[in-house]
Number of protein chains: 2
Amino acid sequence: MELRTLRYFVTVAEELHFGRAASRLHMSQPPLSRAIQRLEGEVGAPLFDRSPAGVALTSVGTVLLDEARALLDQADRVRVRVAAAAGTAGITVGILGDATDTGATRLAAAYRREHPDADIRIRDTDLTDPTCGLRAGSVDVALTRAPFDGTALAVRELRADPVGVVLRADDPLARRDHLRLADLADRRWFQFPPGSDPAWQAYWNGGKPREGPVVRVVQECLQAVLWNGTIGIAPLGHDLPEHLAVVPLVDMAPSRVVLAWNEGDTNPLIRSFVRIATAVYRSTAS
Amino acid sequence: MELRTLRYFVTVAEELHFGRAASRLHMSQPPLSRAIQRLEGEVGAPLFDRSPAGVALTSVGTVLLDEARALLDQADRVRVRVAAAAGTAGITVGILGDATDTGATRLAAAYRREHPDADIRIRDTDLTDPTCGLRAGSVDVALTRAPFDGTALAVRELRADPVGVVLRADDPLARRDHLRLADLADRRWFQFPPGSDPAWQAYWNGGKPREGPVVRVVQECLQAVLWNGTIGIAPLGHDLPEHLAVVPLVDMAPSRVVLAWNEGDTNPLIRSFVRIATAVYRSTAS
DNA sequence: CTGTGACGATACCCGCCGGGTATCGGGAGC
DNA sequence: GCTCCCGATACCCGGCGGGTATCGTCACAG
């Protein structure tokens, strides 16, 4: 009953699907099936009911799921504490310009409480790079928004925000109580600087290539709305200057707030951070 | 940082000697050294100071030792709880005739408290077989006394009792406040039945082959003292009938109360039982 | 009723890692 | 200086954890 096996088990128990669990674990399905079979042999009882309708936890599996999660969490804490003793405990968190919100502050507090002796370095980044410098290694974990190229990154979704169109308050469309992308077809959209993540650009452009002035950061984006009359897309719920208005966009996919980190990173604080964040955001009424 | 590696680490930390730790782990020394080196690489700091004077824990090692012990204990509890859920939790404890004492009752209570839903089957055995039927499989763990042939058994010492000579109260030696083996050279000693463990017989005979009536159990042993005038050896601190006296034997090795179990046994309750017993006996003022 | 797709299990292969033995190196002590 | 002790290193081997290909079974569509 090694920790690795338990991680496999927990993943399968969460997915209730061997194939998906295997891909989450970056392995193929057969070895995962075998590992679970071995674990069931060790435990002496089946952990899953494999019926054609799908995979379900047995009662023993339910017990093991709780226990295994607790054990794995404790194992993470062990790693963190030892790293703290070795003086190597600390992470750099990259935060996308507008991802800061009440969830982030609660996350910071909870993390501080659990790891009072580990360093936290915060790096605020602009909207140009949704990975906040993850790939360059300047950041260990990014609190950011999807979508972006996730190659070699692990991503955990925390929340999804509906989005709206930011308009000048005197724009005729500003009086509508909701809009569709088609309503904006003839507007000028801003452009991200060249080299920006294509998936990222595509999302904020409503899925199509658009034309318009090139902007770099949130503030410039808002300025562009004001001065250039472009369209701005933003998650709802943000305060805006009063001469700007935001109208819900009903046919655009919500903006997903996510955590991302480099897949192979062994810094134990990352896993811990992700766990805490998941719990905090789950308990935060969206 | 798998559990197996942590077990290795804890063993080395307890022994502070790679060779001894390796033999306790039933492996050779080089793979153990490598495993520890890998662990140190993972942690990012040395865990031991290897000086020619000996091996010592570093400060990081001390932290990891505490954490690893706690984690391994929890892992054991996980296994027990899952076994309980699977309905396969239970152990048979063999208790040597005279090993019952206050320690054993506290042990039973503590065990019951930690594993309320696991079966405990108790099997009282006579003094003939110090392993209480471990090898035959009729018992999972034996609360008994050393020494005995420990091949394929794991043994954990709990306590050492000084021993004394049991004599008829009217024996001239009974007035002495202590005795040596030499004082008993011309006495008749009882014999264990043929086939009894040689190390066991040798111990209770003071290290030499002796002659005398063959006895089987404690009661018969005391009867032999009374009726046959043999010598009896017994741990101090037991109540005896008033027509018998016990005089401390100052040059005989104390009798070690030990737990023993079959080395390869995977029943998770065994490890848990051993851990609880160790804690209980350590806190029991001998 | 049969073709097809989904999904977990099975069969089989390979590289690596966790075991082993033999030996080295260096410090302590007679 | 020789020897002993003890951890580290070198090197080898079998098994296990990974992989791919395929099967068996069930659900569903037509």
Side-chain angles (χ1 to χ4, degrees), chain A residues 1-58 60-61 64-65 68 72 75 152 154 263-264 266, chain B residues 1-58 60-61 64-65 68 72 75 152 154 263-264 266:
Chain A
M1 205 191 67
E2 290 300 305
L3 294 177
R4 177 161 30 102
T5 314
L6 292 180
R7 281 189 234 280
Y8 290 177
F9 166 73
V10 170
T11 307
V12 175
E14 284 171 355
E15 294 290 336
L16 292 178
H17 188 290
F18 280 73
R20 276 198 301 276
S23 81
R24 250 184 64 184
L25 290 164
H26 312 293
M27 63 192 292
S28 57
Q29 169 256 322
L32 179 58
S33 285
R34 271 193 318 179
I36 299 296
Q37 286 169 18
R38 258 196 313 276
L39 183 59
E40 288 174 319
E42 255 185 82
V43 167
L47 299 168
F48 294 103
D49 281 326
R50 285 92 155 167
S51 82
V55 174
L57 274 173
T58 63
V60 178
L64 181 59
L65 179 58
L72 292 172
E263 233 163 45
T266 59
Chain B
M1 205 192 67
E2 290 300 304
L3 293 177
R4 176 160 30 100
T5 314
L6 290 180
R7 281 190 235 281
Y8 290 177
F9 166 74
V10 169
T11 307
V12 175
E14 283 170 356
E15 293 290 336
L16 292 178
H17 187 290
F18 281 74
R20 276 198 302 274
S23 80
R24 250 184 65 185
L25 290 163
H26 313 295
M27 63 193 292
S28 57
Q29 170 256 321
L32 179 58
S33 285
R34 273 193 317 180
I36 300 296
Q37 286 168 19
R38 260 196 311 275
L39 183 59
E40 288 175 318
E42 255 185 82
V43 167
L47 298 168
F48 294 103
D49 281 326
R50 285 91 156 169
S51 82
V55 174
L57 274 173
T58 63
V60 178
L64 182 58
L65 179 58
L72 291 171
E263 233 163 44
T266 58

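Heavy atoms only: backbone and side chains are in, while hydrogens, waters and symmetry mates are out.
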Rounded off to whole Å, could you give me the [atom1]-to-[atom2] distance for the [X] and [N] pair?
X      : N      : atom1 : atom2 : value
L32(B) : dC6(D) : CG    : C1'   : 13 Å
Q37(B) : dT9(D) : CD    : C1'   : 9 Å
D49(A) : dG8(C) : CG    : C1'   : 14 Å
I36(A) : dG8(C) : CD1   : C1'   : 12 Å
F48(A) : dA9(C) : CZ    : C1'   : 15 Å

| Ring geometry between F48(A) and F9(A) (parallel below 30°, tilted from 30 to 60°, perpendicular above 60°) |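 Taking F48(A) first and then F9(A), their aromatic rings sit tilted (interplane angle of 30° to 60°).
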| message | So, using side-chain contact (heavy atoms from CB on, under 4.5 Å) as the criterion, who are the partners of S23(A) when residues are at least two apart? | response |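 Here no residue qualifies.
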| task | Under the side-chain contact (heavy atoms from CB on, under 4.5 Å) rule, collect the residues that match up with R7(A), sequence neighbours excluded. | result | L3(A), L72(A), D76(A), R271(A)
| request: Give a yes or no answer on whether the side chain of T58(B) reaches the backbone of L47(B) with a donor-acceptor pair at less than 3.5 Å. | output: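 Yes; judged by distance alone, with no hydrogens or angles, the pair exists.
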| query | For S33(B) and dG7(D), is the shortest distance between a side-chain N/O and OP1 or OP2 below 4.0 Å? | reply | no
Any N/O pairs under 3.5 Å between the protein and nucleotides 17-20 of chain C? List them or say none.
{"residue": "dG18(C)", "atom": "OP2", "partner": "R38(B)", "partner atom": "NH1", "Å": "3.2"}
{"residue": "dG18(C)", "atom": "OP2", "partner": "R38(B)", "partner atom": "NH2", "Å": "3.2"}
{"residue": "dG18(C)", "atom": "O3'", "partner": "R4(B)", "partner atom": "NH1", "Å": "3.4"}
{"residue": "dG19(C)", "atom": "OP1", "partner": "R4(B)", "partner atom": "NH1", "Å": "3.0"}
{"residue": "dG19(C)", "atom": "OP1", "partner": "Y8(B)", "partner atom": "OH", "Å": "2.6"}
{"residue": "dG19(C)", "atom": "N7", "partner": "R34(B)", "partner atom": "NH2", "Å": "2.4"}
{"residue": "dG19(C)", "atom": "O6", "partner": "R34(B)", "partner atom": "NH1", "Å": "3.3"}
{"residue": "dG19(C)", "atom": "O6", "partner": "R34(B)", "partner atom": "NH2", "Å": "3.1"}
{"residue": "dG20(C)", "atom": "OP1", "partner": "S28(B)", "partner atom": "N", "Å": "3.4"}
{"residue": "dG20(C)", "atom": "OP2", "partner": "S28(B)", "partner atom": "N", "Å": "2.8"}
{"residue": "dG20(C)", "atom": "OP2", "partner": "S28(B)", "partner atom": "OG", "Å": "2.9"}

| task | Kindly compute the distance separating CD1 (I36(A)) from OG1 (T5(A)), expressed to the nearest 0.5 Å. | result | 8.0 Å
| message | Once side chain to side chain donor-acceptor pair (under 3.5 Å) is applied, what residue pairs with a partner in residues 36-47 of chain B remain, sequence neighbours excluded? | response |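 Residue pairs with at least one partner in residues 36-47 of chain B: E40(B)-R50(B).
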| note | Ordered by number, residues from residues 14-25 of chain A within less than 4.0 Å of DNA chain C (heavy atoms) are H17(A), F18(A), G19(A)
| Yes or no on side-chain contact (heavy atoms from CB on, under 4.5 Å) for V55(A) and D49(A), after CA distance, side-chain angles and deciding distance? | CA-CA 6 Å; V55(A) 174; D49(A) 281 326; over 6 Å; no
| What residues form a salt bridge (Lys or Arg N to Asp or Glu O under 4.0 Å) with E15(A), not counting sequence neighbours? |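 Per chain and number, E15(A) pairs via salt bridge (Lys or Arg N to Asp or Glu O under 4.0 Å) with R20(A), R24(A).
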